[in-house]
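Each chain gets a letter, A, B and so on, in the order its sequence line appears, and its residues count up from 1. Atoms considered below: every heavy atom in the structure, side chains included; atoms not considered: hydrogens, waters and symmetry mates.
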Amino acid sequence: MENNAESTEKKESRSDNGSGALNDMTLLFPAKAENESFARVVVSAFLVRRNPTLEEVGDVKTAVSEAVTNAIVHGYRGASGDVTLYACVADDLFIVEVRDNGVGIADVEKAMKPFYTDKPDEERSGMGFTVMQTFMDEVSVESEVGVGTRVTMKKRLKYANGI
Amino acid sequence: MENNAESTEKKESRSDNGSGALNDMTLLFPAKAENESFARVVVSAFLVRRNPTLEEVGDVKTAVSEAVTNAIVHGYRGASGDVTLYACVADDLFIVEVRDNGVGIADVEKAMKPFYTDKPDEERSGMGFTVMQTFMDEVSVESEVGVGTRVTMKKRLKYANGI
Amino acid sequence: MLDNVRQKDTLIVSISGELDHYAAPKIRAELDEVLQDKSIRKLCLDLKAMSFMDSSGIGVLMGRYKLLNRRGGEIYVKNMNSHVRRIFDMSGLRQIVGVQE
Amino acid sequence: MLDNVRQKDTLIVSISGELDHYAAPKIRAELDEVLQDKSIRKLCLDLKAMSFMDSSGIGVLMGRYKLLNRRGGEIYVKNMNSHVRRIFDMSGLRQIVGVQE
Ligand SMILES: Nc1ncnc2c1ncn2[C@@H]1O[C@H](COP(=O)(O)OP(=O)(O)O)[C@@H](O)[C@H]1O
Ligand SMILES: Nc1ncnc2c1ncn2[C@@H]1O[C@H](COP(=O)(O)OP(=O)(O)O)[C@@H](O)[C@H]1O
């Protein structure tokens with residue numbers, strides 16, 4: 001995984017060709033639990049202009065909440081750092097990405113297994129990735145130990161007739 | 001003005017000392033008019049956790065709307081580019097910054113005069129900066145021709161007893 | 001976005017939603033279309049359902065004022081909240097746009 | 001965040017607001033405090049006013065299930081929306097937490 005979050009953001013935002021069909025946003029915020037709800041509100045506000053169903057908004061909020069919580073709890077383990085939330089929508093395809101520059105995941109396949117958690121004592125259920133997979137059409141994880149983690153999630157929207 | 005938006009963001013977000021008293025966010029989005037309302041929603045969602053009055057939320061939304069509109073209309077003049085919205089709150093001090101890498105302003109003092117506009121034909125009123133100054137406690141503008149513009153606005157919140 | 005009622009030479013138009021730079025062209029075009037009817041001398045804008053306005057709204061109101069002023073007409077607003085009132089006061093709109101309390 | 005009603009050996013607790021990782025510690029602590037009363041055998045969580053739940057909620061419910069299970073008690077929920085239902089189904093909560101329709 002490339003750890004150059006800034007150049008990546010730049011590229012992504014520049015990918016906008018001004019056609020009006022594509023819109024995107026990048027949000028950076030500190031890894032604090034109080035920002036989980038903020039991240040959900042921002043992604044909803046971004047999505048809502050594309051005329052999503054209530055269910056789609058709920059699905060996206062939940063998936064983003066899981067990924068952001070993971071960045072805070074597992075990626076940074078309570079230490080300070082930034083979480084990046086990138087979202088983009090083009091026609092009916094909505095893509096959202098959550099990145100951290102935290103500890104990374106040694107075995108992604110194992111981490112994504114239902115009920116797997118490295119924090120059972122804190123009552124983590126190990127269902128975060130499973131929730132993401134249930135509520136989104138596609139979830140992919142790139143991670144490197146000591147560098148960070150990037151979770152990319154895609155969803156096709158039923159009605160793409162927003163602005 | 002420093003044109004290195006990325007390193008600035010980094011620094012700002014890193015200024016968080018994990019005390020819980022300070023929180024901040026950086027939002028990047030393409031310079032499109034449809035994103036003006038999105039920027040307002042995001043800054044409201046950020047602010048609302050500090051228990052602002054309804055009037056304070058309205059003031060901040062309006063000031064941010066003016067600065068973001070200016071970045072799109074004057075900074076980029078309809079060309080594509082990114083607008084950066086940075087907000088931070090520590091105790092009762094709320095700071096919000098709107099940046100663009102657009103054409104810049106040759107004479108900031110003149111630009112800030114009430115009723116001054118370079119686009120009277122488009123029914124711009126020339127009151128954008130005056131609105132910002134009316135609704136915020138402090139407005140400062142740094143700009144360099146060919147590099148971009150940064151508008152920084154501050155407001156003391158009446159009740160700072162949010163999270 | 002607009003909802004109109006005609007009373008003799010007065011047209012009452014209700015503006016709903018947000019009046020910012022993004023929405024301004026549409027609202028302006030809709031107002032100018034109804035104002036093509038030259039028998040309209042008074043335009044009353046009902047701002048009750050307008051949830052937001054920034055300085056782009058000043059431009060829209062100034063422009064309609066000028067248009068009506070040329071035909072000897074006038075423009076006023078009703079149901080203005082305190083936020084819009086402050087924008088009116090600072091911009092001098094208060095001097096040219098009547099306020100119906 | 002919680003609102004409680006006692007009916008014999010059943011405690012009905014209404015959870016309001018969002019149940020995420022940020023809110024979980026507080027909700028957990030409040031539930032565990034009321035559950036210190038050992039005469040409570042049944043915990044019924046009313047989810048009507050809960051506006052959001054993610055997998056952090058699974059952890060909270062699993063934990064309370066274990067606690068009550070140790071004293072031979074049980075836990076169930078009511079007023080579950082379709083979103084929470086899907087989380088229940090995928091996580092196996094459905095097998096251990098009763099659902100009052
Ligand atoms: N951003 C991340 N950084 C480091 N490790 C992670 C990250 N996200 C997930 N993990 C690892 O994957 C495991 C499973 O995650 P998840 O399915 O969300 O369950 P939970 O959060 O309940 O542990 C975590 O326990 C952790 O070990
Ligand atoms: N971000 C910017 N980039 C370049 N020029 C700007 C920017 N913001 C403001 N200006 C200049 O300052 C003038 C006054 O701005 P303002 O008071 O907001 O009024 P208006 O937007 O109605 O023109 C503009 O007409 C423009 O010339």
Side-chain angles (χ1 to χ4, degrees), chain A residues 29-41 43-44 53-78 83 98 111-136 139, chain D residues 1-2 13 15-33 35 43 45 47-70 75 77 79-97:
Chain A
F29 56 90
K32 295 179 178 202
E34 68 176 77
N35 287 328
E36 290 159 9
S37 61
F38 176 60
R40 293 195 296 267
V41 175
V43 81
S44 306
T53 64
L54 263 184
E55 194 184 323
E56 285 168 339
V57 175
D59 291 357
V60 166
K61 277 174 75 170
T62 311
V64 165
S65 192
E66 299 294 350
V68 167
T69 299
N70 279 354
I72 296 170
V73 172
H74 304 298
Y76 293 113
R77 297 186 171 163
V83 180
V98 176
M112 292 182 79
K113 286 219 168 74
F115 301 108
Y116 174 80
T117 178
D118 61 12
K119 289 198 168 38
D121 42 317
E122 290 179 22
E123 294 192 348
R124 306 287 316 153
S125 63
M127 292 301 287
F129 280 124
T130 309
V131 167
M132 293 180 229
Q133 284 166 326
T134 305
F135 288 125
M136 301 293 283
V139 177
Chain D
M1 234 172 298
L2 305 184
V13 179
I15 297 183
S16 64
E18 304 190 308
L19 175 38
D20 64 359
H21 161 253
Y22 176 64
K26 191 160 181 277
I27 293 176
R28 179 185 302 127
E30 287 182 47
L31 287 174
D32 285 354
E33 184 165 338
L35 288 177
L43 177 67
L45 296 173
L47 307 184
K48 194 171 188 178
M50 187 177 75
S51 53
F52 178 81
M53 181 182 119
D54 64 14
S55 78
S56 301
I58 303 175
V60 171
L61 292 181
M62 289 273 191
R64 279 356 89 207
Y65 162 77
K66 285 180 194 158
L67 200 151
L68 278 157
N69 191 249
R70 279 199 291 276
I75 171 172
V77 298
N79 293 315
M80 183 163 73
N81 64 28
S82 63
H83 192 84
V84 175
R85 191 179 301 270
R86 282 165 73 194
I87 295 183
F88 262 63
D89 288 348
M90 86 179 70
S91 64
L93 271 180
R94 194 62 173 259
Q95 271 81 59
I96 55 173
V97 174

Output yes when D/Arg86 and A/Asp59 qualify as a salt bridge under the 4.0 Å nitrogen-oxygen rule, no when they do not. yes

Of the backbone (N, CA, C, O) and the side chain (C-beta and beyond), which part of A/Glu122 lies under 4.5 Å from a heavy atom of chain D, both, or neither? backbone

Look at D/Lys26 together with D/Glu30 and state whether they make a salt bridge at an N to O cut-off of under 4.0 Å. yes

Heavy atoms, side chains only, cut-off 4.5 Å: are D/Asp20 and A/Lys61 in contact? no

Who are the salt bridge (charged side-chain N to carboxylate O under 4.0 Å, His left out) partners of A/Asp118, not counting sequence neighbours? none

Which of A/Pro120, A/Ser125, A/Ala63 touches chain D most, by non-hydrogen pairs under 4.5 Å: A/Ser125

Side chain, backbone, both or neither: which part of A/Phe135 has a non-hydrogen atom closer than 4.5 Å to chain D? both

So for A/Thr117, is it side chain, backbone, both, or neither that comes closer than 4.5 Å to the heavy atoms of chain D? neither

If you count heavy atoms of other groups shown closer than 6.0 angstrom to NZ of A/Lys119, is the number above 12? yes

Measuring heavy-atom distances to chain D, does A/Val68 have an atom under 4.5 Å in its side chain, in its backbone, in both, or in neither? neither

